[in-house]
Amino acid sequence: MPDPLEELRATIRSAAGAMRDAAPDAITPTLERPPKPELGDYSTNAAMLLAPAFGQAPRDVAERLRSELDARLAGSAERVEVAGPGFVNLFLADRWHRESLAAQLDAGDAFGRSTPERPERVLVEFVSANPTGPLTVAAGRGAAYGDSLARLLELAGHEVEREYLLNDVGGQVRRFAESIAARMQGREPPEDGYRGEYVVELAGDLATAGADPADLEELARSGTEAMRERIAATLERFGVRFDTWFSERFLHEGSKIQAAIEHLRRRGHVYESEGAIWLRTTEFGDDKDRVLMRSDGEPTYFAADIAYHRDKLERGAERMIDPVGADHHGYVPRMRAAIEALGHDPDLYEAPIMQFVRLVEGGERARMSKRKGEFAALDDLIDDIGVDAARFFMLQRSHDTALDLDLELARLQSQDNPVYYVQYAHARIASILRKAVAEGRAPAATDGMADEAALAKAASADGALAAPAKAAERALVQQLLELPAEAVGAAERRAPHRLVAYATASAADFHAFYRDCQVVGAPDGLEQARLAICVAAKRVLARTLDLLGVSAPERM
RNA sequence: GCCCCGAUAGCUCAGCUGGAUAGAGCGACUCCCUCCUAAGGAGUAGGCCGCAGGUUCGAGUCCUGCUCGGGGCGCCA
């Protein structure tokens, strides 16, 4: 896919290469928009990066780079300047903007997509909340993060699988079954059981279906299955769908755990002590060794998880990304150690730490504990503020920052709500296109809406457009061209929250364009050019919102 | 005690792997609808980037120490 900014970067690299008599290692210069428009359209720090290797003052290197670039950008740049400590600033011609916009439109839906140097098969395992209760808001943050990350990785050219690990066996599940049984018999759940109202309802349903309160095995099975369905329904509402629901029970029943332990034993990392079987994780940087098989003969969750990750690798995963809650972050070093003990590079296992979400309203904070029965359910949050606001707010902040979600702000269906800022820009563009069709200034598609593809095609024809000349036009075009790099950067850094900032900035640039540039009714050529900019902006906003899992409305 | 994360505007937080005069939203204050959606725009006020050192042409960003807050240190998951 043509990426005009990537071509500019390549030009800078080649100019830097041409002057590298001292042959420094490859540098990765920045290409960014300077803080003030007077400083040019783009700026690079390449000279400052090269200066140490040349043993020259940054400004002198910058001057040499300037003349190299000046020659290479003859048709595209009006001028190239050296400024500040050694920045080389590019003032690009109208023609460059026109051609870049045309290239973007020509790429259609492929714009933003990229091909990594080394595409990977990535398995993103997320949410994986115990099927012993409804999803909490905290799980929702993990869902929003994991799903957006998966979407980003796909756009960045990787092969992605979304997977949910169902912890459908073990102590928590037993307590869950005991709690259901107690409710079926009209008793209170045990002290360490699940006391939520949903357990009462579930017990009623199972009783109606003829379940036997004495058969804990069966209650565990049907209870977790009922919860799994409920969780899946909540996630579906939330716009999150998994490729695979992986049952931990499968690992136990299929002797996968024994096989994994045996594998580790053959590699020489397993020993017995105090009646238990241990993995020598300290060999790989962990604080202490960890138990795989308890003295009562039951495998630990850790052993099951090792078998699980081994299974992921056997299924072809080249990278495993497991966003985990902050309350489990202590678990990460031992899992890393286990990956290494299995004979793999531990770096292919990544566990982004999800910090907590706190719901804030008038200073009050909801607690989130499933077992005590007082929790903030994701469904309740969606009912309250809607999917778009929920996902936008949860993705607004870096995953490793604790988030206070302000319900009062998120609930507002008004101008104060930051979600609508971006959506409104999209709706405004749709409105312009509708008007253009209504006045016969743009072709209509079969559905009566503007034929965006036709507009794009006409615009990308060579020389068809007047050049974007106003500052607001140029700024918007430049902003839209950032999408591919933004998407790749957000994917590589596992940081979907960057897209929220990008979407907000793009919307702001559109609103400024809207203020300064009349579209429908502008002089011939200019009107076509602006309609093309509108189409490009609409696509970028829709794409970005989609990556966030937020809708892009045609009207508001 | 050890480990992880955080500390940036009144509030909630960004800051693109070290670059130019540190940004956004909310809140406060002033303006702008004969005009494609005012869910918008223009502007003002608001900062010792937790503290102290260090690294270098340059540090909110990297290193060390400290303070405060959150979390974790189980043969639970």
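Each chain gets a letter, A, B and so on, in the order the sequences are listed, and its residues count up from 1.
Between A:D509 atom CG and B:G41 atom C1' the separation is 13 Å, expressed in whole Å. Rounded to whole angstrom, the span from the CD atom of A:E191 across to the P atom of B:C76 amounts to 19 Å. In this structure, the CD atom of A:Q528 is 20 Å from the P atom of B:C36, given to the nearest Å. Rounded to a whole Å, the CD atom of A:E408 is 15 Å from the P atom of B:C26. Regarding A:L409, its CG atom lies at a distance of 16 Å from the P atom of B:C11, rounded to whole Å. Atom pair A:K36:NZ and B:A20:C1' shows a separation of 10 Å (rounding to whole Å applied). Taking atom OH on A:Y271 and atom P on B:C75, their separation rounds to 11 Å, with Å as the unit. For the pair A:F392 CZ and B:U12 C1', the computed distance is 13 Å after rounding to whole Å.
By the 6.0 Å and 45° rule, A:R428 stacks over the aromatic ring of A:Y514. Relative to the six-membered ring of A:F91, A:R79 meets both conditions, a distance below 6.0 Å and an angle of at most 45° to the axis.
Between B:C75, B:A14, B:A39, one nucleotide has an atom nearer to the side chain of A:A501 than all others, and that is B:A14. For A:R493, the listed nucleotide lying nearest its side chain is B:U17; candidates were B:U17, B:A20, B:G41. Comparing atom distances between the A:R498 side chain and each of B:C75, B:C16, B:G71 picks out B:C16 as nearest. Minimum atom distance to the side chain of A:E32 is reached by B:C16, of the listed B:A77, B:A14, B:C16. In the set B:A39, B:A77, B:C5, the nucleotide with an atom closest to the side chain of A:D400 is B:C5. When the nucleotides B:G72, B:G40, B:C75 are ranked by their closest atom to the side chain of A:D327, B:G72 comes out on top. For A:H511, taking side-chain heavy atoms from C-beta onward, the closest of the listed nucleotides B:A20, B:G41, B:C36 is B:G41. Of all nucleotides listed (B:G41, B:C75, B:A20), B:A20 comes nearest to the side chain of A:L39. Taking every side-chain heavy atom of A:F356 into account, B:G71 is the closest of B:A20, B:G71, B:C13. Of the candidate nucleotides B:C75, B:C35, B:A24, B:C35 has the atom nearest to the side chain of A:Q518.
When the shell of 6.0 Å around CD of A:E38 is examined, it contains more than 12 heavy atoms from other residues, nucleotides or ligands.
When Watson-Crick and G-U wobble pairs are counted only if both distances are under 3.5 Å, B:C51 pairs with B:G65. Nucleotide B:C13 has B:G23 as its partner under the Watson-Crick or G-U criteria, with both atom distances under 3.5 Å. For B:U56, there is no paired nucleotide, since no Watson-Crick or G-U wobble pair has both relevant distances below 3.5 Å. Across the strands present, B:A38 finds no partner; the criterion is a Watson-Crick or G-U wobble pair with both atom distances under 3.5 angstrom. In this structure, B:G43 forms a base pair with B:C29, meeting either the Watson-Crick or the G-U wobble geometry with both donor-acceptor distances under 3.5 Å.
No hydrogens or angles were tested; on distance alone, nothing pairs the side chain of A:H497 with the base of B:A14 as donor and acceptor under 3.5 Å. In terms of polar N and O atoms assigned as donor or acceptor, the side chain of A:S398 never comes within less than 3.5 Å of the base of B:A14 in a complementary pairing. For A:N89 against B:A20, a side-chain-to-base donor-acceptor contact under 3.5 Å is present. Side-chain atoms of A:H329 come within donor-acceptor range of the base of B:G71, with a qualifying N/O pair under 3.5 Å. If you check distances only, the side chain of A:T300 never reaches the base of B:C75 with a donor-acceptor pair under 3.5 Å.
Note on A:R174 versus A:E178: salt bridge recorded, some NZ/NE/NH1/NH2 to OD/OE distance being below 4.0 Å. Salt-bridge formation is detected for the pair A:K538/A:E554: a Lys NZ or Arg NE/NH1/NH2 atom is positioned less than 4.0 Å from an Asp or Glu carboxylate oxygen. Contact check on A:D305 versus A:R334 returns no salt bridge, with no Lys/Arg side-chain nitrogen under 4.0 Å from an Asp/Glu carboxylate oxygen. Salt bridge A:R221/A:D168: absent, no basic N to carboxylate O contact under 4.0 Å. Between A:K312 and A:E125, at least one side-chain nitrogen of the basic residue sits less than 4.0 Å from a carboxylate oxygen of the acidic one, meeting the salt-bridge criterion.
The side chain of A:R294 places an N or O atom within less than 4.0 Å of a non-bridging phosphate oxygen (OP1 or OP2) of B:A77. Distances shorter than 4.0 Å separate none of the side-chain N or O atoms of A:K288 from OP1 or OP2 on B:C2. The side chain of A:R358 contributes no N or O atom lying less than 4.0 Å from OP1 or OP2 of B:U12. Put simply, A:Y420 has no side-chain N or O that comes within less than 4.0 Å of OP1 or OP2 on B:A38. For the pair A:Y421 and B:A24, the criterion of a side-chain N or O lying under 4.0 Å from OP1 or OP2 is not met.
Of the P atoms belonging to B:C48 and B:U8, the separation is 11 Å, rounded to the nearest Å. B:G69 and B:G23 have their P atoms separated by 32 Å, with the value rounded to a whole Å. Atom C1' of B:A77 sits at a distance of 14 Å from the matching atom of B:G72, rounded to the whole Å. Comparing B:U30 with B:U34, their C1' atoms are spaced 24 Å from each other, to the whole Å. Rounded to whole Å, the separation between the P atoms of B:U61 and B:A20 comes to 13 Å. To the nearest whole angstrom, the two C1' atoms, one in B:A59 and one in B:C26, are 30 Å apart. Atom P of B:G54 sits at a distance of 31 Å from the matching atom of B:G46, rounded to the whole Å. Nucleotides B:G18 and B:A24 place their P atoms 24 Å apart, quoted to the nearest Å.
Within 4.0 Å (heavy atoms only), A:A402 reaches sugar-phosphate atoms of the nucleic acid but no base atom. Heavy atoms of A:R555 sit under 4.0 angstrom from at least one base atom. As judged by a 4.0 angstrom heavy-atom cut-off over every strand, A:A427 is placed among the base-contacting residues. Residue contacts for A:F302: at a heavy-atom cut-off of 4.0 Å it reaches no nucleic acid atom on any strand shown. Nucleic acid contact class of A:L403 (heavy atoms, under 4.0 Å, all strands): sugar-phosphate only. A:E486 comes within contact range of no nucleotide atom at all, as no heavy-atom separation falls under 4.0 Å. As judged by a 4.0 angstrom heavy-atom cut-off over every strand, A:P58 is placed among residues making no nucleic acid contact. Among the protein residues, A:R515 comes within range of the sugar-phosphate backbone only, with heavy atoms under 4.0 Å from sugar or phosphate atoms but none that close to a base. Residue contacts shown for A:S295 include a base, since a base heavy atom lies under 4.0 Å away.
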Donor-acceptor pairs under 3.5 Å, side chain of residues 529-537 of chain A to any protein atom, not counting sequence neighbours: which ones?
residue	atom	partner	partner atom	Å
A:R530	NE	A:E473	OE2	3.2
A:R530	NH1	A:Q518	O	2.8

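B:U30 adopts an anti glycosidic conformation, its chi angle falling more than 90° from 0. B:C66 has its base anti relative to the sugar, with a glycosidic angle deviating from 0 by more than 90°.
Ring-to-base geometry does not place A:H328 in a stacked arrangement with B:G72 (centre distance under 5.5 Å, plane angle under 30° required).
Ring pair A:Y349/A:H309 is perpendicular by interplanar angle, where above 60° counts as perpendicular and below 30° as parallel.
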